[in-house]
Structure formats: C-alpha cells, structure tokens
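Everything on this sheet refers to the single structure shown next.
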There are 2 protein chains.
Amino acid sequence: MSAARRPDRDATRPVYVISVAATLVSAHPRTLRIYEDEGLVCPARTPTNIRLYSEEDIRRILWIRHLTRDRGVNLAGVRTLFELEERLGKRILEALYDEGTRGRGEAPPEPGSTGTPDGDPSPGR
Amino acid sequence: MSAARRPDRDATRPVYVISVAATLVSAHPRTLRIYEDEGLVCPARTPTNIRLYSEEDIRRILWIRHLTRDRGVNLAGVRTLFELEERLGKRILEALYDEGTRGRGEAPPEPGSTGTPDGDPSPGR
DNA sequence: CTTATCTTGACAACACCATTGTCATGGTTT
DNA sequence: AAACCATGACAATGGTGTTGTCAAGATAAG
C-alpha cells in the first residue's frame, strides 16, 4: 500500500526520452514530434529542453495510435475527440472500447505489437 | 390517434430527394451517397427505392460538413464521434460548439422536443 | 574528448482519403 | 418523352499520415 504516495511511481512523472517513448508506442520519433506539434501530447522538458514522456503521455499516444491505425481517424479527429473529452471532463473514449470488444471482435484492444507489455491503451489501468 | 402532432412538420419525415438535399448542404449528390455508404447517414427510401432525406438527416449531414470542412476531421473520425454520441446517449457534439461561440450560458440540450422549427445546430452557413 | 542522442527545421516519398465529376445502363416520376 | 434517380465504375484533384533523411547545434554519458 501507500504506493500512491510514491512520486517515483507517479504516472505523470516524466521519465522516457523520445527514442524510448517511440519504441514503447511503436512509432518513429518523428511521429511523436508531429503529435506534439499538433497539440495532441505535451511531454515535459528537462531544464536543457529535452523531451521527457510520462506514463500518462505514453497512454495518450497509444490512444492516438489506436484511433489512427485501427479506426482510421486522422489527427484532426483525434484532436476533436480529446477536446470533447476534456470539455466533458469524462473518460468518454472508454465507451468506444466497450463497443469494440463487445459488439464484435472487430477491434481488439491491442494497438501495440512490438513486445509492448501494455495491451490496454485505455487511460486507467 | 393519427396526426396528433402534425406529422407533416415532423423533422423525421422524409421529404427531400437527393438533388434537393445536396443543394441544402452544399454538396454533390455523389458525396451524399458516399456518406450513406460509410454509414454516416441513413435516408429513408420510397417503395421504389428513391432516397428521401428528412430534416434530421439534413442536420446530420451539416454536422458532417462542419466536422470535415471546418475541423478537418475525416469520415472515420465523424463515424467515431457519432458512435460515441450514440453510445453515451447525449448531444456531446454540442460541447464542441461552445468553443466556437465562447458562450457559457448556451441553450441547454432539449432532446425529443423539436418545438423550435429550426434549432439550427448547423455551423454558420 | 568522443560518442551517442537530443533539438529544430526542412524536404521528400509513399500510400491513403475526401470530394467532385463523368459515363453507362436501367428504373421512376411527371 | 424529358428529367430525375439508382448502382457501379473510373478518375482527377488536393490533402493527410507516416516514415525517413539531411543539416547544424546542444546535451549527456562514457
């Protein structure tokens, strides 16, 4: 217990540099910078301007990858969905997964496929 | 029993053939057929298989036009947004509009009641 | 110091998508 | 008969997503 009081395990703590983050989400570092330019993810920076991604950032990117690759949504659509979620203050995206897994075996929750232990990109383990 | 609410003014009543509907939303009839193929709109059909669009269909198409043209969302994104809205059973898309109007005390969603002849949820045209 | 990795910015290739448009053949409406 | 609709096919245009590279400079770690 008391894991919630350990900042070194905080999901918001920035830890991964861009090359590691890119590996975690099976994307090119170039792609991650584009996501940032598009305002879809905002990794922290070291005092010397180096990007550091947190676990939350990774999960957010995995959502982007799922929406774009599995559902064919473009970045503008992802931005709209994120904006909607923030505006409603709810995890509305989870509703998409309930449908995907229950409706039919169309979209299994497995966006990553390069040995990533994380099979669930939904924010909220 | 019949016509208790003047069905001739029901927003769900199919009235417009495709050429008229296309004019109303400033799109090509070809585009409207694509929307239907993509499952984004489902106009009624006459017994002889002619498409007839209702006011609700028109408004739905205007949402598609707004999302695609003004926000750059692709059809897959529109489908996801519609799916999310249907799954949550709320008019979540209206939350996107508050951003454009910047009005906090916007008119509350009033489902089921189409008392106003024109709610005009469509983008400024 | 040397090496590897990071930064921004630009350029580009590849495949895919949205929209409009046309053509053809045939059914429907007026 | 004329005008419209249905389906299906084909294509052109412009845009997007992703990856990739090259450059020049800053930073981290050996």
Side-chain angles (χ1 to χ4, degrees), chain A residues 14-54 57-58 60-82 111-114 116 121, chain B residues 14-54 57-58 60-82 123 125:
Chain A
V15 283
Y16 308 118
V17 293
I18 195 171
S19 63
V20 179
T23 301
L24 289 176
V25 300
S26 307
H28 198 275
R30 189 79 181 78
T31 308
L32 267 53
R33 295 197 186 98
I34 292 176
Y35 291 167
E36 186 177 354
D37 292 342
E38 295 288 330
L40 300 179
V41 62
C42 298
R45 299 284 187 133
T46 67
T48 55
N49 209 31
I50 304 291
R51 271 173 266 250
L52 285 184
Y53 294 82
S54 68
D57 291 330
I58 298 298
R60 192 175 177 86
I61 296 171
L62 285 176
W63 262 114
I64 301 174
R65 300 298 280 181
H66 166 62
L67 290 170
T68 55
R69 293 171 79 95
D70 300 338
R71 283 185 172 261
V73 180
N74 62 4
L75 297 190
V78 174
R79 187 186 305 113
T80 299
L81 285 164
F82 282 173
S113 59
T114 56
T116 312
Chain B
V15 283
Y16 308 118
V17 293
I18 195 170
S19 63
V20 179
T23 301
L24 289 176
V25 301
S26 307
H28 199 274
R30 190 79 181 76
T31 306
L32 267 53
R33 295 195 186 100
I34 292 176
Y35 290 167
E36 187 178 357
D37 292 343
E38 295 288 331
L40 300 178
V41 62
C42 299
R45 301 280 188 138
T46 67
T48 55
N49 210 32
I50 305 292
R51 273 174 265 252
L52 286 183
Y53 294 82
S54 68
D57 292 330
I58 299 298
R60 193 175 176 87
I61 297 172
L62 286 176
W63 262 113
I64 301 173
R65 300 298 280 181
H66 165 60
L67 290 171
T68 55
R69 295 172 80 94
D70 300 339
R71 283 186 170 259
V73 180
N74 61 5
L75 297 188
V78 174
R79 186 186 307 111
T80 300
L81 284 164
F82 282 172
R125 290 190 36 77

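Chain naming here is simple, since letters A, B, ... match the order of the sequence lines and numbering starts at 1 in each. Bear in mind the structure is a predicted one, so any value in this text is a computation, not a measurement.
B:T46 comes within contact range of no nucleotide atom at all, as no heavy-atom separation falls under 4.0 Å. In this structure, B:I34 reaches the bases: a heavy-atom distance under 4.0 Å links it to at least one base atom across the strands shown. Contact annotation for B:R33: base contact, defined as any heavy-atom pair under 4.0 Å involving a base atom.
Minimum atom distance to the side chain of A:T48 is reached by D:dA28, of the listed D:dA28, D:dT18, C:dC11. Closest to the side chain of B:V17, out of D:dC5, C:dT19, C:dG21, is D:dC5. For B:T31, the side-chain atoms get nearest to C:dT20 when compared with the rest of D:dT7, D:dT19, C:dT20. Side-chain proximity of B:R30 to the nucleotides D:dT18, C:dT20, D:dG20 is greatest for C:dT20. Considering only the side chain of A:H28, D:dT21 comes nearest among C:dT22, D:dT21, C:dA18. Side-chain atoms of B:N74 lie closest to C:dC17 of the nucleotides C:dC17, D:dC5, C:dT20. Out of C:dT20, D:dA6, C:dT7, the shortest distance to the side chain of A:I50 is found at C:dT7.
Under a cutoff of 6.0 Å and an axis angle of 45°, B:R60 and B:Y53 do not form a cation-pi pair.
With DNA chain D read from its 5' end, the first of the two nearest nucleotides for B:G72 and B:S19 is the one closest to B:S19.
Just one of A:L52, A:L24, A:T23, A:D57 meets the side-chain contact (heavy atoms from CB on, under 4.5 Å) condition when paired with A:Y16; it is A:L24.
Summarising the geometry, the separation between CZ on A:R69 and P on C:dC16 is reported as 13 Å, rounded to the nearest angstrom. When the P atom of D:dT7 is taken as reference, atom CD1 of B:I18 falls 9 Å away, rounded to whole Å. Rounded to whole Å, atom P of C:dT5 lies 19 Å from atom OH of A:Y16.
Counting all heavy atoms, side chain and backbone alike, A:T80 lies closest to B:R71 at OG1-NH1, 3.6 Å.
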Using residues 36-45 of chain B as the side-chain source, report each donor-acceptor pair under 3.5 Å to any protein atom, sequence neighbours left out, with the distance given to one decimal.
from: B:E36; atom 1: OE1; to: B:R51; atom 2: NH1; distance (Å): 2.4
from: B:E36; atom 1: OE2; to: B:R45; atom 2: NH2; distance (Å): 3.0
from: B:E38; atom 1: OE1; to: B:R79; atom 2: NH2; distance (Å): 2.5
from: B:R45; atom 1: NH1; to: B:N49; atom 2: O; distance (Å): 3.1
from: B:R45; atom 1: NH1; to: B:N49; atom 2: OD1; distance (Å): 3.4

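The OG atom of B:S26 lies 11.5 Å from the CD1 atom of B:I61; values are rounded to the nearest 0.5 Å.
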